[in-house]
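Here is the structure we will look at.
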Amino acid sequence: MPPEPTSRAVPPRTRFAPSPTGYLHIGGVRTALFSWLHARRHGGVFVLRIEDTDRERSTEASVNVILEGMRWLGLDWDEGPFFQTQRFDRYGEVLQRLLDAGHAYRCYCSRERLEALRAEQMARKEKPRYDGRCRTRTGPPPEGVAPVVRFRNPVDGTVVVEDLIRGRVAFQNRELDDLILARADGTPTYNFTVVVDDLDMAITHVIRGDDHLNNTPRQINIMRALGAEPPAYAHVPMILGPDGKRLSKRHGAVSVLQYRDEGYLPEAVLNYLVRLGWSHGDQEVFSREEMIELFDVREVNKAPSAVNPDKLLWLNQHYIKTLDPALVARHLAWHLERLGLDPTGGPALEEVVAAQRERAKTLVEMAANSAFLFREPEGFDEKAAAKHLGAAQRPILEVLRAKLADLEPWTREAAHAVVTGVAEDAGAKLGKVAQPLRVALTGGTVSPPIDVTIYLLGRARTLARLDRALAHAAGAGAAEPG
RNA sequence: GCUCCCAUCGUCUAGCGGUCCAGGACGUUGCCCUCUCACGGCAAAAACCGGGGUUCGAGUCCCCGUGGGAGCGCCA
């Protein structure tokens, strides 16, 4: 038996081994995160392996999504990506070893027989499994039948999985059947490639979804037949949709990249995921460094957890508000471009972030709220204009225009003084001045504080828009954009 | 059906036999702040699945039940 599995004597080697058959969803990302954290925490190595032996369903597009998603989140790998389809020679080699040692045998049973067998067993309310007919087969092989290769699983005894999360889980060998290692066409199957790879890549900690817990005793048996000791295992519970049901496309099993597209920050996604099934006292916010310092797989919960989109949103806003504006600005630029806007065609992005950070839960929202700084609004919001850009507001807007025309310096403070001064002179509350001005400048009723809005917009745009608003207020017909 | 896993507020969780009439966070509700939208502040409602044990004492340990989940492919 190996010593304490998380001993720091040997740097751990962990891996993330997705199969490129769909998109990389949030559950997979969390597994990757936990694996990555374990490696980083203990100064180990994180390996990326693409399990693409299912050539029917594996796609290059899916591989790209995995790589892009990992990069976006900053889950960097130290080795790989390794592709299983490029290791077929190696699997063949190991398979031969197993065959030679008598740990594997060729099975000539037809699919029809297997299906019938399964049906019978189900009818008898038994667990469907291979009956081992070819296990002891002697004599010449049947003609014209391409055999599969099966593992000769021990018939009795117990396999114990010492799981870092579940604790000790025991399986009876008699519950296991002789699984197929290689198909009739010679290609290796999942449970076999995983064993070979985890061994070859010297993986010390297999951190994966708990849908694999039942596969583990089989894999351990194969490893032992190969004369190897199994690594430590940590089976993390599945992630459920917001409705508490299994994640599916209908509710939240979206690609990680969709979170990027919807305006989430990688910091928020990572923070959200690390708190899903793991905690450190009452702490909710974890920087990347803190996660690495504090995360311990052994503390991961055993129960599955449901995703909570609202909390992700909250974290996203938290990071939008607290991260370095320069960093957020880079993300904002990306989203502005997606909107068809030129990020350089307006005020400095860092200042935009500083002004908008408290009123946007996502970067998509921030980009949309900030669009007025980068292009001329499409006219005025009808209701807003009706209320704030009437004849009654004209005098105030005219005064504002006059004062802003030669305001020096063009700062937030100076703009503030103008607006409050106009309000005082008119004996009106600030809102009576600020709101019409806001509609005039932005076309709508929502924007950063009015002085900040003026400052960011700049003199030229401010005056042009005031002129347009004045024209509108005068009933001079529809304003021409730009 | 069989095997394995799981079970604290709506959700994520703290709790590792007494300090728990169960704490934090998201969300919800109310109040405050306020030039819009927000941010923020304060407050409130909200949970130990059920039943047996063990123990002086159980959310915490054991058993059973119930309810979820996973696996049982020439898928991964």
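Throughout, protein chains are lettered first and strands after them, A, B, ... in sequence-line order, and every chain is numbered starting at 1. Quick caveat, the model's predicted, so the values are computed rather than measured.
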* Asked: What is the nucleic acid contact for A:Gln317, judged by heavy atoms within less than 4.0 Å: base, sugar-phosphate only, or nothing?
  -> sugar-phosphate

* Round to the nearest Å and state the distance from A:Leu441 atom CG to B:C37 atom C1'. => 16 Å

* Structure fact -> Checking B:G27, B:C4, B:C6 against the side chain of A:Trp314 (C-beta onward), the nearest is B:G27

* Within the structure shown, what part of the strands sits under 4.0 Å from A:Leu276 by heavy-atom distance: base, sugar-phosphate, or nothing? -> sugar-phosphate

* Can you tell which of B:C39, B:A76, B:C6 lies closest to the side chain of A:Lys361? -> B:C39

* With respect to the phosphate group of B:C4, does any side-chain polar atom (N or O) of A:Lys127 fall under 4.0 Å of OP1 or OP2? -> no

* Would A:Arg30 and A:Ser35 count as having a side-chain donor-acceptor pair, cut-off 3.5 Å? -> no

* To do: Tell me what A:Pro18 touches on the nucleic acid: a base, only sugar-phosphate, or nothing, going by heavy atoms under 4.0 Å.
  => nothing

Tabulate atom names and distances for all N/O pairs under 3.5 angstrom spanning the protein and nucleotides 45-48 of chain B.
none

* Structure fact -> A:Leu313 meets the side-chain contact (heavy atoms from CB on, under 4.5 Å) criterion, sequence neighbours left out, with A:Tyr264, A:Lys361, A:Thr362

* Asked: Should the pair A:Arg288-A:Glu267 be classified as a salt bridge under the 4.0 Å nitrogen-to-oxygen rule?
  -> no

* Using the C1' atom on both, measure B:U60 against B:A14 and round to a whole Å. => 12 Å

* Asked: To the nearest Å, how far apart are A:Lys387 NZ and B:C35 C1'?
  -> 12 Å

* Asked: Just checking A:Thr53: base, sugar-phosphate only, or nothing, at a heavy-atom cut-off of under 4.0 Å?
  -> sugar-phosphate

* Between B:A25, B:C6, B:U36, which nucleotide has the shortest distance from any of its atoms to the side chain of A:Thr445? -> B:U36

* To do: Answer yes or no: side-chain N or O of A:Arg166 and base N or O of B:C5 forming a donor-acceptor pair under 3.5 Å.
  => no

* Electrostatic pair A:Arg394:A:Glu398 at N-O distance under 4.0 angstrom -> yes

* Closest to the A:Asn301 side chain: B:C39, B:C2, B:A14? -> B:A14

* So, does the side chain of A:Asn215 form a donor-acceptor pair with the base of B:G71 at under 3.5 Å? -> no

* To do: Would you classify A:Lys321 as touching base, sugar-phosphate or nothing, given that sugar-phosphate means primed atoms plus P, OP1 and OP2, and contacts are heavy atoms under 4.0 Å?
  => sugar-phosphate

* To do: Output the single nucleotide from B:C39, B:A76, B:A70 whose closest atom is nearest the side chain of A:Asn191.
  => B:A76

* Taking the side chain of A:Leu213 as its heavy atoms from C-beta onward, which of B:C5, B:C37, B:A76 lies nearest to it? -> B:C5

* Please state the P separation for the pair B:G23 and B:C72 - nearest whole angstrom. => 43 Å

* Could you give the distance separating B:G52 and B:A44 at their C1' atoms, to the nearest angstrom? => 37 Å

* Asked: What does A:Glu284 touch in the nucleic acid at a heavy-atom separation under 4.0 angstrom: a base, only the sugar-phosphate, or nothing?
  -> base

* When you compare B:C2 with B:U8, how far apart are their P atoms, in angstrom units rounded to a whole number? -> 26 Å

* Asked: Under 3.5 Å, is there an N or O donor on one side and an acceptor on the other linking the side chain of A:Gln283 and the base of B:G24?
  -> no

* Which whole-number value in Å describes the distance from A:Leu240 CG to B:A7 P? -> 13 Å

* Asked: Over how many whole Å does the gap from A:Gln121 atom CD to B:U3 atom C1' extend?
  -> 14 Å

* Asked: What is the nucleic acid contact for A:Gly277, judged by heavy atoms within less than 4.0 Å: base, sugar-phosphate only, or nothing?
  -> sugar-phosphate

* Structure fact -> The ring pair (Phe, Tyr, Trp, His ring centres under 6.0 Å) partner of A:Phe286 among A:Tyr319, A:Phe295, A:Trp278 is A:Trp278

* Side-chain ion pair, A:Glu376 and A:Arg461, N-O less than 4.0 Å -> yes

* **Whole-Å gap separating P (B:C2) and CD (A:Glu175)** => 11 Å

* Provide, to the nearest angstrom, the distance between the CZ atom belonging to A:Phe286 and the C1' atom belonging to B:U13. => 11 Å

* To do: Mind telling me if B:C12 is syn or anti? Syn here is a glycosidic angle within 90° of 0.
  => anti

* To do: In whole angstrom, give the distance that lies between atom CG of A:Asn369 and atom P of B:C39.
  => 12 Å

* Would you classify A:Ala384 as touching base, sugar-phosphate or nothing, given that sugar-phosphate means primed atoms plus P, OP1 and OP2, and contacts are heavy atoms under 4.0 Å? => nothing

* **Per A:Arg275 side chain, nearest of listed nucleotides B:C4, B:U13, B:C39** => B:U13

* Asked: Quick check: does any side chain N or O of A:Arg275 sit under 3.5 Å from a backbone N or O of A:Glu284, one acting as donor and the other as acceptor?
  -> no

* Asked: Looking at RNA chain B, which of residues 412-424 of chain A put a heavy atom within less than 4.0 Å of it?
  -> none

* Between B:A14 atom P and A:Asp282 atom CG, what is the distance in whole Å? -> 10 Å

* To do: Scan A:His212 against the nucleic acid and name what it touches under 4.0 Å (heavy atoms): base, sugar-phosphate only, or nothing.
  => base

* With heavy atoms under 4.0 Å as the rule, sort A:Ala184 into base, sugar-phosphate or nothing. => base

* Distance below 4.0 Å between A:Ser279 side-chain N/O and B:A14 OP1 or OP2 -> yes

* Could you tell me whether A:Val148 contacts a base, only the sugar-phosphate backbone, or nothing, with contacts defined as non-hydrogen atoms closer than 4.0 Å? => base

* Which nucleotide in the set B:C6, B:A70, B:G24 lies at the smallest distance from any side-chain heavy atom of A:Lys311? -> B:G24

* Please work out if A:Ser305 contacts a base, only the sugar-phosphate, or nothing of the nucleic acid, heavy-atom cut-off 4.0 Å. => sugar-phosphate

* So what does A:Arg57 hit on the nucleic acid, given a heavy-atom distance under 4.0 Å: a base, only sugar-phosphate, or nothing? -> base

* Using a heavy-atom cut-off of under 4.0 Å over every strand shown, decide if A:Arg118 touches base, sugar-phosphate, or nothing. => sugar-phosphate

* Is A:Arg90 salt-bridged to A:Glu93, going by a charged N under 4.0 Å from an acidic O? -> yes

